[in-house]
Novice: 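The structure under discussion is supplied below as structure tokens; questions concerning it will follow.
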2 protein chains.
Amino acid sequence: MVTIKDVAKASGVSPSTVSRVIANNSRISEETKKKVRKAMKELGYHPNINARNLVAKSTKAIGVIMPSSADKALQNPFFPEILRGIGSVIHDVEYSMSLSTGETEEEIFSEVQRMVYGSYVDGVILLYSRINDKVTNFLREQDFPFVIVGKPSDFESEITHVDNDNFRAGKEITNHLIEMGHKRIGFIGGSRDLFVTRDREDGYEAALQEAGIEECDSYKIHTEFLKAGGSEAVEHLLSLQTPPTGLVVSDDLISLGMLSMLEKYGVRVPQDVSMVSFNNVYLSEITRPALTTVDINIYELGAQSAKALIEKAINKLEPAKRIIIPHRIVYRDSVSKEG
Amino acid sequence: MVTIKDVAKASGVSPSTVSRVIANNSRISEETKKKVRKAMKELGYHPNINARNLVAKSTKAIGVIMPSSADKALQNPFFPEILRGIGSVIHDVEYSMSLSTGETEEEIFSEVQRMVYGSYVDGVILLYSRINDKVTNFLREQDFPFVIVGKPSDFESEITHVDNDNFRAGKEITNHLIEMGHKRIGFIGGSRDLFVTRDREDGYEAALQEAGIEECDSYKIHTEFLKAGGSEAVEHLLSLQTPPTGLVVSDDLISLGMLSMLEKYGVRVPQDVSMVSFNNVYLSEITRPALTTVDINIYELGAQSAKALIEKAINKLEPAKRIIIPHRIVYRDSVSKEG
DNA sequence: CTGTTAGCGCTTTCAA
DNA sequence: TTGAAAGCGCTAACAG
């Protein structure tokens with residue numbers, strides 16, 4: 001390995017001068033800089049990151065924590081896309097990203113512990129948010145820089161988080177259905193433990209309420225990716241005297257499952273029932289029918305969370321506590337006029 | 001930050017003794033160990049990874065390089081799943097994974113350079129394989145430990161890679177179609193620049209040949225995720241005098257697009273045309289019809305590549321050059337008897 | 001503008 | 001079985 005000393009020797013200066021050239025210190029003459037840089041190039045010198053980190057007490061790395069990978073939800077294209085967003089900004093600041101994909105809550109926790117105790121990273125992005133989460137609590141206690149993508153379960157005004165306005169999105173997309181003449185509108189969501197689900201559902205309810213439409217509990221289903229249990233719930237929904245004519249589904253992936261199930265029962269979309277959902281992953285373009293969905297700008301969700309974290313961890317600034325990424329409705333073919 | 005010195009002071013021994021306790025050196029008395037460990041616990045000591053790495057000349061981290069994220073292909077659930085596989089084994093050996101998601105080839109290359117020059121990682125897993133790839137060449141030149149998931153474009157007998165037997169998989173799944181009575185079988189694949197596509201296609205061809213079925217060039221389409229261009233190709237395929245009755249599709253995601261397109265043209269699956277594909281991502285269960293597909297065991301692909309890399313980088317062993325992950329066909333509803 | 005010196009936190013000879 | 005001392009590669013006062 002070629003070190004700073006080798007470069008120093010080769011260019012006839014002291015190690016500290018070389019160090020200053022690396023840092024592009026302004027008090028070094030252009031001439032020396034040139035000379036040193038030449039030597040660096042010739043020797044193929046590259047700074048050793050560990051040595052640098054040791055003295056700088058920074059790692060130039062951030063940790064990204066995925067939700068429990070026991071869950072099929074991890075296969076949601078949401079994640080690659082958010083990683084892409086994070087990647088874009090950390091690339092610019094020459095940071096690297098350390099990814100944690102634990103199976104269980106315990107595993108995740110132990111990885112986070114390693115990250116912070118071992119000074120592996122300067123900060124952490126949490127790609128999930130759970131009620132009374134061990135990891136979140138730990139990070140808070142340690143006063144370690146972190147941001148959450150989504151809504152924190154507690155200390156919302158204290159923890160920096162990057163989120164959509166899911167309430168408003170839910171309201172708007174439901175309103176679209178209402179504007180199209182729908183009155184009997186159902187909601188299909190993932191687990192109510194997730195704030196995304198709740199917020200979107202609350203928005204849905206608010207829209208109904210404002211439109212003077214009465215809510216109906218049997219119009220609401222909560223299911224994980226429509227496996228076994230989901231099927232029965234849908235069956236029940238369809239067998240109602242007056243089944244809904246419109247469906248608000250909390251995630252494109254769930255929509256995919258719904259589409260499949262509805263076809264099984266001979267229900268056509270959008271002729272028999274209209275359907276809208278959220279995320280606008282590329283899949284929603286190639287379903288039949290293509291989905292009318294809320295584009296939540298996943299990439300930006302990732303990019304902004306990385307930006308906020310960097311502000312916090314590196315620049316020691318205090319970013320806004322709540323950063324909202326704008327959404328927009330993408331109109332496609334899964335909605336038809338009613339009545 | 002609490003350091004080894006603090007622990008030493010607190011437990012009345014020297015820093016080197018503490019270090020030995022951390023390494024669980026056998027020449028330290030149990031008594032001292034107990035004493036030191038107690039102090040570590042009380043003080044909340046955790047070794048600083050950078051300091052350790054600096055002397056150990058190892059980083060306990062591996063780099064994982066994604067394909068260009070400019071590509072929609074990144075949204076393939078294949079990736080989260082493979083990361084999960086990698087994560088499982090590196091968690092066990094207490095390694096961490098540094099993820100690189102570059103937009104362009106240049107960006108990816110510069111990130112890899114940083115990783116190896118800066119000693120960020122002990123080894124690298126390449127999640128893609130391209131002909132004449134800058135990154136691969138660089139890694140080879142530097143003699144840096146790396147493994148490829150998929151098939152290397154060159155030096156196949158030299159570069160450790162973890163792959164499926166895509167040729168055989170292609171042949172087997174095509175044979176399934178043949179056994180079901182199909183004679184006119186088409187192939188829909190992604191870019192031919194990818195070895196997966198080629199291998200699967202070669203297997204498809206071999207199956208036809210063995211069955212004495214003549215190949216037909218107009219039965220073959222290559223397309224990226226069936227966007228604009230793909231549509232015309234499919235239209236062409238369907239308008240043939242004798243359109244295929246069976247389709248071998250090289251990726252579940254492309255199948256999803258195909259399904260959508262076929263419906264548009266009023267072609268029913270499997271009644272009018274049968275369809276099989278590859279990967280068995282969870283999506284293939286919830287399409288209509290559910291796909292008969294080759295399960296390539298993505299998780300294992302990830303896990304084994306991590307294992308091989310660790311053998312190489314850490315244990316300095318020479319793993320097998322070609323590690324084949326077994327596949328199996330999952331029979332679902334997208335194939336029907338013909339004739 | 002540049003060199004000398006000390007030190008980041010840890011491991012590892014060498015000595016005792 | 002333990003301690004003292006040197007050094008990993010780099011940065012940052014301090015001094016000139």
Side-chain angles (χ1 to χ4, degrees), chain A residues 1-40 43-61 94 114-122 314, chain B residues 1-40 43-61 94 114-122 314:
Chain A
M1 169 165 251
V2 24
T3 78
I4 216 171
K5 282 186 190 164
D6 302 317
V7 178
K9 209 164 290 173
S11 46
V13 299
S14 78
S16 40
T17 301
V18 177
S19 176
R20 290 187 183 106
V21 173
I22 295 169
N24 202 12
N25 189 311
S26 57
R27 300 184 315 207
I28 299 288
S29 73
E30 277 308 319
E31 204 180 350
T32 337
K33 278 187 186 173
K34 217 165 283 172
K35 192 170 56 183
V36 171
R37 282 203 249 263
K38 184 158 157 281
M40 295 201 300
L43 298 179
Y45 169 79
H46 290 269
N48 179 306
I49 197 72
N50 279 311
R52 174 182 293 188
N53 288 347
L54 182 57
V55 14
K57 283 176 181 347
S58 145
T59 62
K60 302 235 315 157
E94 300 214 298
R114 263 191 347 123
M115 279 188 181
V116 346
Y117 283 145
S119 344
Y120 275 91
V121 297
D122 291 344
I314 293 81
Chain B
M1 165 166 254
V2 24
T3 78
I4 216 170
K5 282 186 191 163
D6 302 317
V7 179
K9 209 165 289 172
S11 45
V13 299
S14 77
S16 34
T17 301
V18 177
S19 175
R20 290 188 183 105
V21 173
I22 295 169
N24 202 13
N25 188 312
S26 57
R27 300 185 315 208
I28 299 287
S29 72
E30 277 309 319
E31 204 180 350
T32 333
K33 279 188 184 172
K34 216 165 283 174
K35 192 170 57 184
V36 172
R37 284 203 248 264
K38 182 157 159 282
M40 295 200 301
L43 298 180
Y45 168 79
H46 290 271
N48 179 307
I49 199 71
N50 279 311
R52 175 180 293 187
N53 288 346
L54 182 57
V55 13
K57 284 175 180 349
S58 145
T59 61
K60 300 231 323 152
E94 299 215 299
R114 264 191 346 124
M115 279 188 182
V116 345
Y117 283 145
S119 344
Y120 273 92
V121 295
D122 291 344
I314 293 80

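Below, all heavy atoms of this structure are taken into account, side chains as well, without hydrogens, waters or symmetry copies. Here is the naming used below: chain letters follow the sequence lines, and residue numbers restart at 1 for every chain. Just so it is clear, the structure is predicted and the values come from calculations on it, not from any experiment.
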Novice: With no hydrogens and no angle check, is any side-chain donor or acceptor of Lys60(B) less than 3.5 Å from a backbone partner on Asn53(B)?
Specialist: no
Novice: Without swapping roles, check the side chain of Thr59(A) against the backbone of Tyr120(A) for a donor-acceptor pair under 3.5 Å.
Specialist: yes
Novice: Tell me the interatomic distance from Lys60(B), atom NZ, to dC10(C), atom P, rounded to whole angstroms.
Specialist: 15 Å
Novice: Would you tell me whether Ser16(B) and Ser19(B) have side-chain atoms, one donor and one acceptor, within less than 3.5 Å of each other?
Specialist: no
Novice: Closest approach to the side chain of Lys57(A), judged atom by atom: which nucleotide of dC10(C), dG9(D), dC8(C) is it?
Specialist: dC8(C)
Novice: Does a nitrogen or oxygen in the side chain of Arg52(B) sit under 4.0 Å from OP1 or OP2 of dG9(C)?
Specialist: no
Novice: Ignoring hydrogens and angles, tell me if any N or O in the side chain of Arg20(B) forms a donor-acceptor pair with the backbone of Ile28(B) under 3.5 Å.
Specialist: no
Novice: Looking at Thr3(A), does any N or O in its side chain come under 4.0 Å of the phosphate oxygens OP1/OP2 on dG9(D)?
Specialist: no
Novice: Return the set of residues passing salt bridge (Lys or Arg N to Asp or Glu O under 4.0 Å) with Lys38(A) (not counting sequence neighbours), or none when no residue passes.
Specialist: Glu42(A)
Novice: Shorter than 3.5 Å, N or O on both sides, protein versus nucleotides 1-5 of chain C: list them out with atom names.
Specialist:
from   : atom 1 : to       : atom 2 : distance (Å)
dT2(C) : OP1    : Ser29(A) : OG     : 3.4
dT2(C) : OP1    : Thr32(A) : OG1    : 2.6
dT2(C) : OP2    : Ser29(A) : N      : 3.0
dT2(C) : OP2    : Thr32(A) : OG1    : 3.0
dG3(C) : OP2    : Ser14(A) : N      : 3.0
dG3(C) : OP2    : Ser14(A) : OG     : 3.3
dG3(C) : OP2    : Thr17(A) : OG1    : 2.5
dG3(C) : N7     : Arg20(A) : NH1    : 3.1
dG3(C) : O6     : Arg20(A) : NH2    : 2.2
dT4(C) : O4     : Ser16(A) : OG     : 3.2

Novice: In this structure, how many angstroms lie between the P atom of dT12(C) and the CD1 atom of Ile4(B), rounded?
Specialist: 11 Å
Novice: NZ of Lys5(B) versus C1' of dA6(C): gap in Å, rounded?
Specialist: 11 Å
Novice: Rounded to the nearest Å, what distance is computed from the CG atom of residue Leu54(A) to the P atom of nucleotide dC10(D)?
Specialist: 12 Å
Novice: How sharply is the helix from dC1(C)-dG16(D) to dA16(C)-dT1(D) bent, taking the axes over five pairs at either end and rounding to 10 degrees?
Specialist: 40°
